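Here the structure is laid out as structure tokens; the discussion comes afterwards.
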Amino acid sequence: MRRIKEDIEGLDVGLLVNNAAVNRPGALYVHEADGDRLARMVLVNVMALTEVTAAVLPGMLERGRGAIVNVGSGSTVAVPSFPLYTVYSATKRYVQHLTRCLNVEYKQKGIDVQCQVPFYVHTGMLSPAIKATMRFPAFVATADAYARDAARWIGHGTLCVPDASQQLQWFLAGLVPDAVHDWYRLRQHLKHRAILRPKLM
Ligand SMILES: NC(=O)c1ccc[n+]([C@@H]2O[C@H](COP(=O)([O-])OP(=O)(O)OC[C@H]3O[C@@H](n4cnc5c(N)ncnc54)[C@H](OP(=O)(O)O)[C@@H]3O)[C@@H](O)[C@H]2O)c1
């Protein structure tokens, strides 16, 4: 954190996008996952995001303006659980809650803090297991199209789903009972695990 503060001293950081995250080791029960990899996930998704945010805030406060975009995940917004990716989705729930609280703290001081929520987007984060079991690949946004929509949404609301087809998915997901979501997610993610596990043995 000290190094980041030193590196950005004198720079006018107007916008911070906390995009970096890790979702490996992937679909596993918590007791099966390598502890070091889980710790790394928490360090990147939770600690790094928090520290970088804390480091840029003093400059934004001094100037009385700025925007921070934290990238969350549909795994904590559209569905009530995300089994087998439990630690990943828990880190994203942290991001969502942190954003909400920070926005209340800093909005009056001229700083917008927003959580943008992607559902599936074609990037390196989509593992072969996810791709192999995907039901509606047409719903998956390309990274370029997603990024264009995401840029347009900056400053519009504390929590947003920038992609139009993902907004529709969000609405439809809200019509489904939680128990059905839980059952379906576990079923899908067990398929991911079945593909992933042999590679770990
Ligand atoms: N793709 C999806 O379907 C999806 C869905 C929901 C949410 N998200 C969220 O969208 C955001 C972007 O992910 P993505 O889909 O673009 O995944 P990605 O292709 O795996 O990219 C992750 C990015 O995080 C960076 N990163 C990881 N660990 C880092 C570290 N220790 N230090 C610095 N950079 C690090 C990576 O940098 P390097 O390449 O240099 O390692 C990479 O640029 C993440 O917050 C993710 O949780 C994605």
Side-chain angles (χ1 to χ4, degrees), residues 1 3-4 7-8 13 15-27 33-34 36-56 67-100 102 113-154 159-170 173 181 185 188-189 191-192 195-196:
M1 191 164 168
R3 241 184 64 201
I4 296 167
D7 285 351
I8 63 173
V13 180
L15 170 67
L16 167 68
V17 181
N18 279 312
N19 181 59
V22 179
N23 78 341
R24 302 289 191 269
D34 177 68
D36 287 346
R37 296 197 83 167
L38 291 182
R40 184 180 141 76
M41 189 193 296
V42 174
L43 276 176
V44 175
N45 299 10
V46 171
M47 282 313 298
L49 176 141
T50 308
E51 292 196 351
V52 176
T53 300
V56 303
I68 298 173
V69 175
N70 293 326
V71 180
S73 163
S75 64
T76 68
V77 170
V79 289
S81 69
F82 216 62
L84 305 195
Y85 294 92
T86 300
V87 176
Y88 170 76
S89 64
T91 65
K92 291 298 179 175
R93 175 66 80 172
Y94 170 91
V95 171
Q96 195 180 323
H97 191 72
L98 181 88
T99 305
R100 176 85 198 172
L102 288 178
V113 191
Q114 179 185 60
C115 181
Q116 293 201 348
V117 179
F119 294 7
Y120 283 140
V121 179
H122 278 298
T123 69
M125 200 166 269
L126 288 196
S127 65
I130 296 176
K131 285 183 187 159
T133 56
M134 200 169 268
R135 289 244 160 169
F136 306 105
F139 267 122
V140 180
T142 65
D144 281 353
Y146 185 86
R148 271 194 299 275
D149 288 336
R152 274 197 289 270
W153 272 84
I154 294 172
L159 181 82
C160 69
V161 174
D163 180 275
S165 85
Q166 297 184 353
Q167 288 164 14
L168 176 65
Q169 290 173 59
W170 190 14
H181 275 299
R185 280 291 131 210
Q188 282 299 100
H189 296 176
K191 288 184 194 166
H192 298 175
I195 295 171
L196 175 71

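Since we're looking at a predicted model, the values are computed, not measured. Both counts, for ligands and for their atoms, begin at 1 and track the order of listing.
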Establish whether [atom] and some protein heavy atom are separated by less than 4.0 angstrom.
atom                    : result
atom 42 (C) of ligand 1 : no
atom 16 (O) of ligand 1 : yes
atom 1 (N) of ligand 1  : yes
atom 33 (C) of ligand 1 : no
atom 47 (O) of ligand 1 : yes
atom 20 (O) of ligand 1 : yes

Which atoms of ligand 1 sit under 4.0 Å from any heavy atom of [X]?
X      : result
Gly72  : 7 (C), 9 (C)
Ala20  : 24 (O), 25 (C), 26 (N), 34 (N), 35 (C)
Leu126 : 3 (O)
Val44  : 28 (N), 31 (N)
Phe119 : 2 (C), 3 (O), 4 (C), 5 (C), 6 (C)
Tyr120 : 3 (O)

Quick one: side chains of residues 38-52, donor-acceptor pairs under 3.5 Å with protein atoms, not counting sequence neighbours, listed by atom name and distance.
unit_1: Asn45; atom_1: OD1; unit_2: Val22; atom_2: N; d: 2.9
unit_1: Asn45; atom_1: ND2; unit_2: Val22; atom_2: O; d: 3.0
unit_1: Asn45; atom_1: ND2; unit_2: Thr91; atom_2: OG1; d: 3.2
unit_1: Thr50; atom_1: OG1; unit_2: Val46; atom_2: O; d: 2.6
unit_1: Thr50; atom_1: OG1; unit_2: Tyr94; atom_2: OH; d: 2.8

Check residues 116-126 and write down every donor-acceptor pair under 3.5 Å in which the side-chain atom is one partner and the other belongs to a residue at least two apart or another chain.
unit_1: Gln116; atom_1: NE2; unit_2: Gln114; atom_2: OE1; d: 3.0
unit_1: Gln116; atom_1: NE2; unit_2: Ala150; atom_2: O; d: 2.9
unit_1: Thr123; atom_1: OG1; unit_2: Met125; atom_2: N; d: 3.1

Seminar exercise, completed: Looking at Thr91, Val71, Val140, Val22, the heavy atom closest to atom 9 (C) of ligand 1 belongs to Val71
Exercise. If you measure from atom 18 (P) of ligand 1 to every heavy atom of Met125, His122, Gln166, which option wins on shortest distance?
Worked result: Met125
